[in-house]
2 protein chains.
Amino acid sequence: MFANSQILTATNTVPAGLAVFPQASVVSDDDLPLEGGQVLHFAKGAEIFGQGERADCLYKVVSGWVRTYRILRDGRRQIEGFHLAGEYFGMEAGAAHRASAEALGSATILVVRRSHLNEIAARQGDVAATLFRLAVQGLQRSQEHVAMLSHKTACERVAGFLLDMAERADAGKRLDLPMSRQDMADYLSLTIETVSRTLSQLQADGLISIPQSRTIVLEDREALEDMCE
Amino acid sequence: MFANSQILTATNTVPAGLAVFPQASVVSDDDLPLEGGQVLHFAKGAEIFGQGERADCLYKVVSGWVRTYRILRDGRRQIEGFHLAGEYFGMEAGAAHRASAEALGSATILVVRRSHLNEIAARQGDVAATLFRLAVQGLQRSQEHVAMLSHKTACERVAGFLLDMAERADAGKRLDLPMSRQDMADYLSLTIETVSRTLSQLQADGLISIPQSRTIVLEDREALEDMCE
DNA sequence: CCGAGTCATTGTTCTGGATCAATGGCAGGC
DNA sequence: GCCTGCCATTGATCCAGAACAATGACTCGG
């Protein structure tokens, strides 16, 4: 897969001139030099890949938001995560995608074939290290998800969700969330009614305000943080 | 208890390429060529590494069972996973361990320094690919954990847990679990009482029998599988 | 402007698992 | 053997959030 590469280097020493990635709206230390990838546009609700399809590519959000989810045996939909600009998704250990991915609004996605990534890794050793780090970061995010689901109350889940989204979207007080209440519910493992009720309660308590249903203003961030402990 | 500094200094002088790995009970395609790692023994309940400590090593279970867990802000303990012979744990993206690891019974663990792994990867290219795959497998296991916690009933969680453990331990009908009811509860996000009650109920329904409290016989595996859907 | 469809909110009832509490088994120490 | 402490089981009560139901707000196409 990603042959001839060093792994687990503690520091990233990529010379800036090599990393060519003009479309990226966010360039972080964790960025891979993905020259040669294909930039695609997806309309609202469009499927980027589906559960069970062959997993040949790695994906990166250039702009917009993406949700990845799985349909469980009992028919319920579990949203595994929301992915913002600069974030990667679609990593698989096996040959098939275990989840589906859809654009939340309209979204621009960079798609890189795994075989192509392999070639890049052969030229630039620390690419393998970065891939490993991305996978472990995904693991950690999933473990945070587990911690969130374990015993937390609806209020703690929603407050933590808002803070997480605000941080990752680099939002100030005002937070525009492109997902529906159903999406939030399927991510937080609550019902749509409980999400709605909890948001109303947070507004009644003055911690947030909701000028439009998908715009949330964090009025008292400190109190929200206290709420998640 | 083992001081971490001992482990770390000792591995520095191991000549690469000569040491073998005789104790390994499982050798699969996913195995890394970990010559030069140090094999350590841990007594029941001994800490292998602690939350917040520097993460310099990768760990592999040679024999025995290991639990990894985090103490959450509210003081609760979330068990992230149980690790059996042949499985890896202790992967971190950052410099510090986000979890603690303890031996469940007595356990033998192979410890490899990340820097040493780096050297191996430089000689053998597919090591990087294997590390990536291991990380993604950990991610998938965590996502299964999320699916299990989301909306499943106590009964479904316990039945699924028993089947998962039986499969990974390669057990037939008879399953010897080295962990306490509290460990199961902290993994499944239930209380110890609910775990106990559920096991009793499964026994009353004839799906399992419990000759000793830590030995569980799967009397009707099909019904257990139906239960998790 | 209207009508249809989607999404969000709010009220009511009900249930699964948490919590509190008490008892029962089993192992190790003396 | 008995005591002590830990772990597991079982019972009773309570509560957060699910499920059901109805209404209200917003959007888009015509």
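Bear in mind that the values here come from a model prediction, so they are computed numbers and not experimental data.
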**Asked** More than 12 foreign heavy atoms under 6.0 Å from CD of Gln182(A): is that the case here?
**Response**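 Atom CD in Gln182(A) is crowded, with more than 12 foreign heavy atoms closer than 6.0 Å.
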**Over 12 foreign heavy atoms within 6.0 Å of CZ, Arg174(B)** =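 Open: at most 12 neighbouring heavy atoms sit under 6.0 Å from CZ of Arg174(B).
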Does [X] place a side-chain N or O at less than 4.0 Å from the phosphate oxygens OP1/OP2 of [N]?
X: Thr191(B); N: dA18(C); result: yes
X: Ser196(B); N: dT9(D); result: yes
X: Thr153(A); N: dA16(D); result: no

**Message:** Distance criterion of 3.5 Å, no angle test: do you see the side chain of Glu193(A) paired donor-to-acceptor with the base of dC20(D)?
**Reply:**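 Counting by modelled atom types and ignoring angles, a donor-acceptor contact under 3.5 Å is found here.
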**Message:** When you measure only distances, ignoring hydrogens and angles, does the side chain of Arg197(A) come within 3.5 Å of the base of dG11(C) through a donor and an acceptor?
**Reply:**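 Per atom types, the contact qualifies.
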Looking for any heavy atom pair under 4.0 Å, which part of the strands does [X] touch: base, sugar-phosphate only, or nothing?
X: Thr198(B); value: nothing
X: Arg157(A); value: nothing
X: Leu199(A); value: nothing

Rounded to the nearest angstrom, tell me the gap between atom [atom1] in [X] and atom [atom2] in [N].
X: Met227(A); N: dA16(D); atom1: CE; atom2: C1'; value: 15 Å
X: Met179(A); N: dA8(C); atom1: CE; atom2: P; value: 11 Å
X: Leu149(A); N: dG17(D); atom1: CG; atom2: P; value: 13 Å
X: Leu188(A); N: dA16(D); atom1: CG; atom2: C1'; value: 16 Å
X: Ile192(A); N: dT9(C); atom1: CD1; atom2: C1'; value: 9 Å
X: Gln212(B); N: dC7(D); atom1: CD; atom2: P; value: 18 Å
X: Ile208(A); N: dA8(C); atom1: CD1; atom2: P; value: 14 Å
X: Gln203(A); N: dT9(C); atom1: CD; atom2: P; value: 9 Å

**Message:** Reading DNA chain D from 5' onward, which residue's closest nucleotide shows up sooner: Ser213(B) or His151(B)?
**Reply:**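 Going by which nucleotide is closer to the 5' end, it is Ser213(B).
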**Prompt:** If you pin Arg214(A) and Lys152(B) to their nearest nucleotides in DNA chain C, which one's is more 5'?
**Reply:**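 Whichever sits nearer the 5' end wins; that is Arg214(A).
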**Prompt:** Between dG17(C), dT10(D), dG17(D), which nucleotide gets closest to the side-chain atoms of Ser200(B)?
**Reply:**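 My answer, after comparing the listed nucleotides, is dT10(D).
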**Item:** Which nucleotide in dG17(C), dT9(D), dG17(D) has an atom nearest any side-chain atom of Arg181(B)
**Value:**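 Given the options dG17(C), dT9(D), dG17(D), the side chain of Arg181(B) is closest to dT9(D).
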**Message:** When you compare the side chain of Tyr59(B) with that of Tyr88(B), does any pair of heavy atoms fall below 4.5 Å?
**Reply:**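 Contact flag for Tyr88(B)/Tyr59(B) side chains = no.
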**Prompt:** Heavy atoms, side chains only, cut-off 4.5 Å: are Thr108(A) and Leu40(A) in contact?
**Reply:**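 Thr108(A) does not reach Leu40(A) side chain to side chain.
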**Item:** Aromatic Tyr69(A) / basic Arg77(A) pairing, under 6.0 angstrom, 45° off normal
**Value:**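 Output yes; distance and angle both within limits.
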